[in-house]
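For reference, the structure is listed below as structure tokens.
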Amino acid sequence: MSKAPEETKKGHAYDPAEVEDRLYRHWLERDYFAADPASTNPAYTIVIPPPNVTAVLHLGHGLNNTIQDVLIRRHRMAGHNAEWLPGSDHAGIATQIMFEKQLLKEGVNRRELGREKFLERITEWAYANKDQILNQLKRIGCSLDWERERFTMDPGLSKAVESVFRHLYDKGLIYRGKRIVNWCPVDRTSLSDDEVETENKAGHLWHIRYKIRGSDEYLTVATTRPETMLGDTALAVNPKDSRYTKFVGKSVILPIVERELPIIADTYVDPEFGTGVVKITPAHDANDFEVGKRHDLPSVVVMNTDGTMNEQAGKFKGLDRYEAREQLVNELKQRGFLVSIEDYDLAVKTCYRCKSVIEPYLSEQWFVKMEPLAKPAVEALKSGKLRFHPEFWSKTYLHWMENIRDWCISRQLWWGHRIPVWYASDGTMFISAERPTAEQCPGYDPETLTQDPDVLDTWFSSWLWPFSTFGWPEETDELRAFYPGHVLVTASEIIFLWVARMVMAGYEFMGDCPFEDVYIHGTVRDAHGVKMSKSLGNGIDPLEIVDQYGADALRISLTLATPDGQDPWISRNTFEGGRNFVNKLYQVSRFVQMRLNGNRPVLDKLDTNDLVIFDRWILSRLTRTIEDVDRYFREYRLAAASKALYSFVWDDYCSWYVELIKPEAGQEIRPGSLAVATYVLDKILRLLHPFVPFVTEEIHHQLTGSNDSTLTFGPWPDVQEALKDDALEASLVQIQEVVTAVRAMRSELNVPPGKRADLHIRVSDNSLGQLLNDHQSYFGPLAKVETLRVGTEVKKPPFSASAVIGGAELFLPLEGLIDIEAEKNRLQKSLNELRNNLERLSKKLANQDFLARAPKDVIDRERSKKDDFEERIERLNKNLEQIMGW
RNA sequence: GGGCGGUUAGCUCAGCUGGUUAGAGCACCUGCCUUACACGCAGGGGGUCAAAGGUUCGAAUCCUUUACCGCCCACCA
């Protein structure tokens, strides 16, 4: 039965709320997170993936920023000049839509408000939001360099955007052109290919027949969007399709509209699909547009930007596209043009923001020619200059880069960087963010120029983030110090949208890759594996977790629970584990401090003259842990790093070491061991500081008795080879085995917990006997042993329980206490296990091929294992027989 | 249609270049408020490592195929 903490007699559970708030303010006051461009320490730079100003902190941000903070804090501790740049993204479409919705609640329409007024209000709103989300990052302990906070619409960043536009335009890499774009009729803007999602939906294929001119024959086409037939300008067949070659060059009459359309031949048509005849609508389908260009066909736009039909649609003018479809199909049916309707599942493109169905739409847009930019970005990956973690993401990146398409950068919005292009009435263009001066547009009156009404895609500012934030295009000290950066931490969703484009921009404008490592983490899912999202309402609010369990608990739980390169499944009780661990750490520090009894410990030096076996053991384990953690950091395996620390602290340090050095009641702890305990605790605090900065700093302040001391700047523990000792670790394993075996015997035989018992150990060789003898005082507290007798000639006392481990036989005299049936079962069970193992081993060792081919050390190992098993079985058998006689 | 991940205890995951008696946390069972910690301590039960082939003396680990789950890309009207 579990009790609430307040019901227990004691109860000094760690309370993070007060500590975390106080320490974060303390750190800010001391300016610990500011990086100085003039520092001579090597720089280590991370730029934050700027959260959208529409967002409130969710668990995905929690994970993303925890990882970055862990990395930045560790490097800061290792002596780097660590710059973690904070900021936010204006998130064009998302922000404008959200704000417009809010306006609508007030009964205000954006067009009524007017562009200028609208921008004023949305800016105010965006700034309030951005402050909120950035402040939320403070709650989870992020050590961001707040002095350098940037926003993608800051004047400096806008200048970078203009400068980049001009550069690419002058280079011929930005062009304006009529293209089929992804058009969202609800948001009334174009979208880039990467902003479009594909959904499989049930739909229909309508088979419609077109009468061949001057004949009674018909050609039947299949279409998923019949309303677009109003804009048809040809029918096409495959040139090799013998069914139709005779019709090529003739023409058909477009039903209802009665327009004459040529029949053309183009290899684009797949004879196997549908009827093998395709209607060509160049203004409303990207493929048809290409076909139209090849055959010099006219384009007829039949829709308005809001998805209603325009005057080209004749009597359907003004109808919504789907209403028009219905009426048109009805009429086709009535007039005998509709041959059949077939159920058909089709891939429908939808807007990533509002989810409405995208309309391929012919319009004039601005594009960036991407191929030349992609070249160095591909090279960076292939040469190993740019690395993804986990590595397999590089395939995704490469595939996109090598099949890159031009980037549509204009958006029909108001919120964003306005396209820095001004038009004269004759169509001449001038590049400038502000109205050009008379010198900038010789021969034209500046006052008569009009600016392009559109804005740039949000990513057109985000792709400059690694250098625009440090002052580019000015040549600043910051830029020199902090570019290129070191690692980019993000989720896989924006590898194309953002990561890839940053690499391209880095090379084009800075001549160097913006970072060398890209750490891709998973997307947070709920307990059932469903992506957490606001709309589904399955999200967990990280701030609620901070309130309930503390920021440290949130952070360590997330790092422990996020498998490398996979999606973590997170539920509320994921965080209990982290909370418990933080408390455990705090409790063991209380133990050490109580024993220090007010004496100030020496943390940075180790007196190796006064060590016992356990001291040397924990130092060896510590050294190995540091090695492991360092390696995991190098490999970007934070889950493994945090797990290594978790088990070192909980198992090695708390459960074994601290228990081993605990003195008998009323006694003082051995000074040498207390010094080691303190020394190791200090190292633990350092190793864990990146993960759980608050509790570690709090304990550090307590240990040093000073708020002036901090873990922020390290030093990070280093590996001292001399402290590693394999033989010693093996000896400890033997001692642990004895303790564990005695505990198990007592527990399984229901020996009352308070009852002490003698322990007799018969060893098969003297070195183990020596080891156990030398440390017999430790068996008292750990295994409730009264007196210990060890030797090769030790006899089994009457009425004693027994256990057999490698190299030793343990006897626990329990006259009157022993449950004979239970003891029989115990022995029988281990006997069965051992026999199974022996059987398998014997087979293996009887296999001539194994003996002939396996390496000698493997064979030797298996042989000695077999000997050991046989010996144990024999001893177990004897003990069992003896019991039978009771 | 192509590509990439995943499939190990009831749940979430470790298990590196093949040789372990296949591990951890949570959950479960038993006993404990033992002066660091009940957010705890000690002990225990629980797995034919998705399936089938193959390579090998030896496969959870390597190869092939299949199934299922998830993600990404794709112009079949």
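A quick note: this is a predicted structure, and the numbers were derived from the prediction, not measured. Lettering of chains follows the sequences in order, A, B, ..., and the numbering in each one begins at 1.
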ask   = Between C72(B), A14(B), G43(B), which nucleotide gets closest to the side-chain atoms of Lys531(A)?
value = C72(B)
inquiry  = Suppose you measure atom P in G3(B) against the same atom in U48(B); what distance do you get, rounded to whole Å?
reply    = 34 Å
ask   = Using a cut-off of less than 4.0 Å, is there contact between a side-chain N or O of Trp650(A) and OP1 or OP2 of C41(B)?
value = yes
ask   = Among C37(B), C39(B), A77(B), which is the nearest nucleotide to the side chain of Gln587(A)?
value = C37(B)
Distance below 4.0 Å between Arg637(A) side-chain N/O and G15(B) OP1 or OP2 = yes
Distance in angstrom units between Leu560(A) CG and C39(B) P, rounded = 19 Å
Side chain of Phe591(A) (C-beta onward), nearest among C39(B), A36(B), A77(B) = A36(B)
query = With a 4.0 Å cut-off on heavy atoms, is Lys662(A) in touch with a base, just the backbone sugar-phosphate, or nothing at all?
reply = base
task = Determine, step by step, whether Glu391(A) and Ser394(A) satisfy the side chain to side chain donor-acceptor pair (under 3.5 Å) criterion, reporting the C-alpha distance in whole Å, the side-chain angles of both residues, the deciding distance to 0.1 Å, and the verdict.
result = CA-CA 6 Å; Glu391(A) 200 275 332; Ser394(A) 47; 3.0 Å; yes
message = If I pick the P atom on U65(B) and the same atom on C28(B), what distance separates them, to the nearest angstrom?
response = 44 Å
task = Looking at every strand, decide which applies to Asn403(A) at a 4.0 Å heavy-atom threshold: base, sugar-phosphate, or nothing.
result = nothing
query = Which whole number of Å gives the distance between the C1' atom of U35(B) and that of C41(B)?
reply = 14 Å
task = Indicate, with a heavy-atom threshold strictly under 4.0 Å, whether Ala852(A) touches base, sugar-phosphate, or nothing.
result = nothing
task = Counting heavy atoms from C-beta on, name the nucleotide in G6(B), C41(B), G43(B) closest to the side chain of Lys584(A).
result = C41(B)
task = Could you check which nucleotide pairs with U56(B) in any of the strands shown, counting Watson-Crick or G-U wobble with both distances under 3.5 Å?
result = none
ask   = Which part of the nucleic acid, if any, lies within contact of Gly522(A), taking any heavy atom under 4.0 Å across all strands shown: a base, the sugar-phosphate backbone alone, or nothing?
value = nothing
query = Now, which nucleotide makes the Watson-Crick or G-U wobble pair with C11(B), with each of the two distances under 3.5 Å?
reply = G25(B)
query = Salt bridge check: are Arg225(A) and Asp285(A) linked by an N-O gap of less than 4.0 Å?
reply = yes
inquiry  = Nearest heavy atom decides the nucleotide; on that basis, is Lys349(A) or Glu748(A) closer to the 5' end of RNA chain B?
reply    = Glu748(A)
Listed nucleotide nearest any side-chain atom of His399(A), set C73(B), U21(B), A77(B) = C73(B)
request  = Pick base, sugar-phosphate or nothing for Arg631(A), based on heavy-atom distances below 4.0 Å to the nucleic acid.
outcome  = nothing
ask   = Taking the C1' atom of each, how far is G5(B) from G40(B), in whole Å?
value = 39 Å
request  = For G1(B), give its Watson-Crick or G-U wobble partner with both distances under 3.5 Å, or none.
outcome  = C73(B)
ask   = Looking across every strand, which nucleic acid part, if any, lies under 4.0 Å from Arg861(A) by heavy atom: base, sugar-phosphate, or nothing?
value = sugar-phosphate
ask   = Salt bridge check: are Asp868(A) and Lys865(A) linked by an N-O gap of less than 4.0 Å?
value = no
inquiry  = Which is more 5' along RNA chain B, the nucleotide nearest Gly565(A) or the one nearest Ala744(A)? Just name the residue.
reply    = Gly565(A)
inquiry  = Taking 4.0 Å as the cut-off, does a side-chain nitrogen or oxygen of Asn580(A) come that near to OP1 or OP2 on G40(B)?
reply    = yes
note = Out of C13(B), G43(B), G25(B), minimum distance to the side chain of Lys643(A) belongs to C13(B)
inquiry  = Any donor-acceptor pair, under 3.5 Å, between the side chain of Glu659(A) and the base of A36(B), if you only look at N and O atoms?
reply    = yes
ask   = Given side chains that start at C-beta, do those of Ile263(A) and Tyr210(A) come closer than 4.5 Å, heavy atoms only?
value = no
key: Counter-base of U30(B), judged by Watson-Crick or G-U geometry with both distances under 3.5 Å   = A42(B)
task = Round to a whole Å and report the spacing from CZ of Arg840(A) to C1' of G19(B).
result = 12 Å
ask   = Quick one: is A36(B) close enough that its OP1 or OP2 comes under 4.0 Å of any side-chain N or O from Arg595(A)?
value = yes
ask   = Within the structure shown, what part of the strands sits under 4.0 Å from Lys865(A) by heavy-atom distance: base, sugar-phosphate, or nothing?
value = sugar-phosphate
task = Figure out the CG/C1' separation between Asn238(A) and A77(B), and round it to whole Å.
result = 13 Å
Donor-acceptor contact present, side-chain Gln587(A) to main-chain His12(A), <3.5 Å = yes
inquiry  = Just the rounded figure in Å: distance from P of A42(B) to CE of Met745(A).
reply    = 17 Å
query = Using the C1' atom in both, what is the distance from G18(B) to G58(B), to the nearest Å?
reply = 8 Å
query = Out of C73(B), A36(B), C75(B), which has the shortest distance to the side chain of Phe496(A)?
reply = C73(B)
request  = Select one nucleotide: of C75(B), C41(B), G70(B), the one nearest the side-chain heavy atoms of Arg525(A).
outcome  = G70(B)
ask   = What distance, rounded to whole Å, do you find between the two P atoms, one in G1(B) and one in C62(B)?
value = 28 Å
task = For nucleotides C69(B) and U12(B), find the distance between their C1' atoms and express it as a whole number of Å.
result = 16 Å
message = Over all strands shown, is Arg746(A) touching base, sugar-phosphate only, or nothing at heavy-atom distances under 4.0 angstrom?
response = nothing
key: For G18(B), the Watson-Crick or wobble partner whose two distances fall under 3.5 Å   = none
ask   = Considering only G19(B), G15(B), G43(B), which nucleotide approaches the side chain of Ser747(A) most closely?
value = G43(B)
request  = Using a 4.0 Å heavy-atom cut-off across all strands, classify Val269(A) as base, sugar-phosphate, or nothing.
outcome  = base
task = Could you check how far NZ of Lys829(A) sits from C1' of U21(B), rounded to whole Å?
result = 13 Å
inquiry  = Quick check against the 3.5 Å criterion: does Ser747(A) have a side-chain atom that pairs as donor or acceptor with the backbone of Arg743(A)?
reply    = no
Cation-pi, Phe591(A) ring and Lys662(A) (6.0 angstrom, 45 degrees) = yes
ask   = From A77(B), C4(B), G43(B), pick the nucleotide closest to the side chain of Thr740(A)?
value = G43(B)
key: Span that lies between the C1' atom of U20(B) and that of G15(B), in whole angstrom   = 10 Å
task = Answer with base, sugar-phosphate or nothing: what part of the nucleic acid does Pro855(A) contact at a heavy-atom distance below 4.0 Å?
result = base
key: Protein-nucleotide distance (Gln566(A), atom CD; C72(B), atom C1'), rounded to Å   = 16 Å
query = When all nucleic acid strands are considered with a 4.0 Å heavy-atom cut-off, which category describes Arg872(A): base, sugar-phosphate, or nothing?
reply = base
request  = Determine, for Arg624(A) against Glu729(A), whether the closest basic-nitrogen to carboxylate-oxygen distance falls under 4.0 angstrom.
outcome  = yes
ask   = So what does Tyr653(A) hit on the nucleic acid, given a heavy-atom distance under 4.0 Å: a base, only sugar-phosphate, or nothing?
value = nothing
message = Regarding Arg405(A), tell me which of base, sugar-phosphate or nothing describes its non-hydrogen contacts under 4.0 Å with the strands shown.
response = sugar-phosphate
message = Quick one, Pro271(A) and Arg243(A) - any side-chain contact, counting heavy atoms below 4.5 Å?
response = yes
inquiry  = Quick check against the 3.5 Å criterion: does Thr281(A) have a side-chain atom that pairs as donor or acceptor with the backbone of Ala283(A)?
reply    = no
query = Is Trp206(A) touching bases, backbone alone, or none of the nucleic acid, heavy atoms closer than 4.0 Å?
reply = nothing
ask   = Are Tyr14(A) and A36(B) close enough that a side-chain N or O sits under 4.0 Å from OP1 or OP2?
value = no
